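Following: one structure in C-alpha cells, then a few remarks.
Model, not experiment: these values are computed from the prediction. Reckoned from all heavy atoms, side chains included, excluding hydrogens, waters and symmetry mates.
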Amino acid sequence: MAEIVAIVGRPNVGKSTLFNRLIGERQAITDDQSGVTRDRLYGTSQWNGKTFTVVDTGGFVMGSDDIFEKAIRSQVKIAMEEASIIIFMLDVTTGITDLDEQMANLLRRADKKVYLVVNKVDNHERLLDANEFWSLGFENTFFLSSMTGSGTGEVLDAISENLEAEEEEESNLPKIAILGQPNVGKSSLTNALIGEDRNVVTDIAGTTRDSIHSHYNKFGHEFLLVDTAGIRKKSKVRENLEFYSVMRAIKALEESDVCLLVIDAQTGMEGQDMKIFRLAQRRNKGIVLLVNKWDLIEKETNTAKEFERAILEKIAPFTDVPILFISALEKQRIFKAMEIAIKVFENRKRRISTSKLNDLLQEALEKQYPPSFKGKHVKINYATQLHTYYPAFAFFSNFPKYIKESYKQYLENTIRKEYDFSGVPITVYIRKKS
C-alpha cells in the first residue's frame with residue numbers, strides 16, 4: 001500500500017521546516033517570505049520501523065487574495081484524495097485565521113486521518129495560547145516547535161502507529177509504473193503497449209489524472225502496468241497540476257516493483273527526473289530509464305553513447321541501471337523495454353545463499369581489506385542477505401563505525417560483478433559482530 005503523509009497549511013506556518021525534520025535532512029528551502037516553496041517537495045521518512053513518503057505542499061507565489069486562497073484549497077483537496085495521513089499545520093503566534101478555518105472545514109470532511117499540528121509552541125506562554133486550537137475540533141492535536149524539533153517525536157509516533165507495516169505483495173505479477181515529467185510521452189507509451197487509446201494523449205502538460213492499473217498479458221509477458229493516466233476535461237486543466245502530478249507519481253511509485261522513468265530525449269535528464277530517480281532509489285524500487293522521442297533526434301555515430309554517458313554521470317554512484325532509447329510514437333523498442341523491466345523485477349527478488357556470499361566476501365577481503373582506523377585492525381567476519389523484499393546485505397564487523405562509505409560501495413560493487421542486480425538498488429549494512 002502506498003503510504004503518503006502530506007503537510008498542508010497556509011504559507012509561513014513552518015511546513016518546510018517540519019518537512020526537513022521529518023525526513024532528517026535540509027532539503028526544503030525555508031524563509032520568512034510567503035511562497036518560497038515553488039517546487040513541491042517529497043522525501044522519505046523512517047520511524048519505529050515504518051517507512052513513508054512525506055510531501056511538503058509548500059507555499060505559493062503571491063497573487064490576488066482570491067487566487068491565493070483558491071490555490072491553497074486546491075492543494076488541500078488533492079492531499080485529501082491522495083494522502084494516507086494529513087498533517088494540518090497552524091501557527092500559534094497568529095492564532096486561528098479565516099483561511100485556517102476554511103481549510104479546517106475541508107479537512108473535517110476528509111475520510112483520512114488528520115493530525116492538527118500547532119507550530120512555534122516553544123515556551124510556556126505559547127503553550128497556554130495554543131489551547132485555543134482545540135476549538136477546531138480535531139481529536140489528534142499536537143503542539144510543537146519545528147525549528148527546535150521539540151514535539152516532533154510525538155507526531156512521528158502517532159503517524160507510525162497508523163501506518164501498516166510494509167509487506168511484500170502476495171501477487172506474483174510484477175507491478176511496473178510509468179513515471180516522468182509531464183509531456184514526456186508516458187500516456188503514449190501506455191497506449192502503444194496496451195494497443196488501445198485508453199489514455200487521453202494531448203500536448204497539454206497535465207492531462208493525465210487518475211491512476212490506472214492495466215493487466216498486460218501479451219507476447220508471453222504478464223504484469224500490472226501502473227500508469228498515472230486518465231481522462232481530464234479541458235475545463236479542469238487549470239487545476240494545480242504540478243502538485244497533482246507529483247502526488248500521483250509518488251503513489252504510482254509506491255505501488256510498484258519496477259519504475260520505468262521516461263525521459264525526453266530533446267531535453268535530457270533534468271532536475272525533476274533526478275528527484276524521481278532518487279526517490280525510487282531510496283524506496284528500493286527497480287529502475288529502468290527510457291529515453292523517449294529518440295526518433296526526433298538527429299543521430300551521429302556516438303550520439304546514444306554520449307547521451308548515456310551524460311545520464312550515468314548524473315545518477316552516479318548508482319549506475320548499474322538499464323538505459324533504453326525508445327519512441328513510443330513509432331513503437332521502437334517498447335517491447336524490449338518490457339522485457340528489461342521484467343528482468344529487473346527478477347533481479348530484485350534475487351537471493352544469494354549465505355555460503356556463496358561469504359565465499360565472495362573472502363575474495364573481496366583478499367583483494368582489499370578495510371583500512372585500519374586509529375591503529376585498530378578492522379575486520380569483517382561474516383555476511384548474510386537479509387529477508388527483505390529488496391536486496392539488502394548485512395556484513396558483521398568488530399568495528400562497524402570505522403568502515404567508510406567508500407568501502408561499503410566496494411562491497412556492493414563486488415556483489416554486482418558476481419550477480420546480476422542491474423536496475424536494482426542494493427542496501428549494505430555494517431553491523432557489530434555479536
Side-chain angles (χ1 to χ4, degrees), residues 5-22 28-41 54-83 85-152 154-155 158-159 239-240 242-244 247:
V5 176
I7 307 172
V8 304
R10 58 185 172 78
N12 209 25
V13 295
K15 296 188 300 298
S16 293
T17 308
L18 178 62
F19 172 83
N20 290 335
R21 284 276 173 196
L22 295 184
I29 300 169
T30 54
D31 196 285
D32 287 340
Q33 181 183 351
S34 297
V36 166
T37 307
R38 307 271 181 102
D39 294 329
R40 311 305 173 227
L41 294 171
V54 185
V55 179
D56 175 14
T57 59
F60 295 83
V61 181
M62 288 295 287
S64 72
D65 289 342
D66 289 342
I67 295 172
F68 186 58
E69 293 182 12
K70 183 180 178 182
I72 291 177
R73 284 194 297 272
S74 172
Q75 282 205 346
V76 173
K77 287 176 181 175
I78 294 167
M80 284 165 58
E81 289 181 35
E82 302 303 325
I85 290 174
I86 300 169
I87 296 176
F88 176 29
M89 199 163 190
L90 302 99
D91 182 350
V92 69
T93 63
T94 59
I96 301 169
T97 68
D98 290 342
L99 190 50
D100 293 331
E101 289 275 14
Q102 292 174 30
M103 295 172 75
N105 289 336
L106 282 172
L107 290 168
R108 286 191 202 100
R109 298 196 291 270
D111 187 25
K112 299 286 172 72
K113 202 80 174 177
V114 178
Y115 296 130
L116 187 145
V117 171
V118 184
N119 190 27
K120 306 180 186 178
V121 183
D122 49 17
N123 58 47
H124 183 68
E125 184 180 342
R126 287 185 175 180
L127 183 60
L128 292 174
D129 292 339
N131 283 309
E132 75 162 303
F133 290 87
W134 287 105
S135 66
L136 290 172
F138 289 93
E139 180 184 352
N140 298 291
T141 297
F142 299 86
F143 305 141
L144 57 78
S145 170
S146 59
M147 185 65 74
T148 65
S150 66
T152 53
E154 287 83 353
V155 177
I159 291 170
E239 285 184 351
N240 197 338
E242 182 189 1
F243 184 52
Y244 222 124
M247 292 287 274

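Judged purely by distance below 3.5 Å, without hydrogens or angles, the side chains of Asn20 and Thr17 never pair a donor atom with an acceptor atom.
Smallest separation of non-hydrogen atoms from Glu132 and Ser135: O-OG, 2.6 Å. When all heavy atoms of Arg10 and Lys15 are compared, the pair lying nearest together is O-NZ, 3.0 Å. When all heavy atoms are compared, the tightest approach of Met103 to Val8 is CE-C, 4.3 Å. Considering all non-hydrogen atoms of both residues, Val5 and Ile87 come closest at CG1-CD1, 3.9 Å.
With rounding to the nearest 0.5 angstrom, the NZ atom of Lys112 is 10.5 Å from the CD1 atom of Ile85. Expressed to the nearest 0.5 Å, how far CG of Asp129 lies from NE2 of His124 amounts to 10.0 Å.
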Stepwise, does the side chain to side chain contact (heavy atoms under 4.5 Å, CB included) test hold for Asn12 with Thr94? CA-CA 11 Å; Asn12 209 25; Thr94 59; over 6 Å; no
Passes side chain to side chain contact (heavy atoms under 4.5 Å, CB included), Leu127 versus Val121? Steps please. CA-CA 6 Å; Leu127 183 60; Val121 183; 3.9 Å; yes
So Val155 and Leu18, side chain to side chain contact (heavy atoms under 4.5 Å, CB included) or not? Walk me through it. CA-CA 11 Å; Val155 177; Leu18 178 62; 5.8 Å; no
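Legend: residues meeting side-chain hydrogen bond (donor to acceptor under 3.5 Å, both in side chains) with Asp91, ordered by chain and number and at least two apart, are Thr93, Lys120. Residues satisfying the salt bridge (charged side-chain N to carboxylate O under 4.0 Å, His left out) test with Arg108, not counting sequence neighbours, are none.
Atom CG of Asp98 has 12 or fewer neighbouring heavy atoms from other residues, nucleotides or ligands inside a 6.0 Å radius.
In this structure, Asp100 and Leu136 have side chains that are not in contact, with every pair of non-hydrogen atoms separated by 4.5 Å or more.
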Run the side-chain donor-acceptor check on residues 138-150: report pairs under 3.5 Å with partners two or more places apart or on a different chain.
unit_1, atom_1, unit_2, atom_2, d
Thr141, OG1, Phe138, O, 2.8
Ser145, OG, Thr148, N, 3.4
Ser145, OG, Thr148, OG1, 3.2
Ser146, OG, Asn119, OD1, 3.2
Ser146, OG, Asn119, ND2, 3.1
Thr148, OG1, Ser150, N, 3.4
Thr148, OG1, Ser150, OG, 3.3

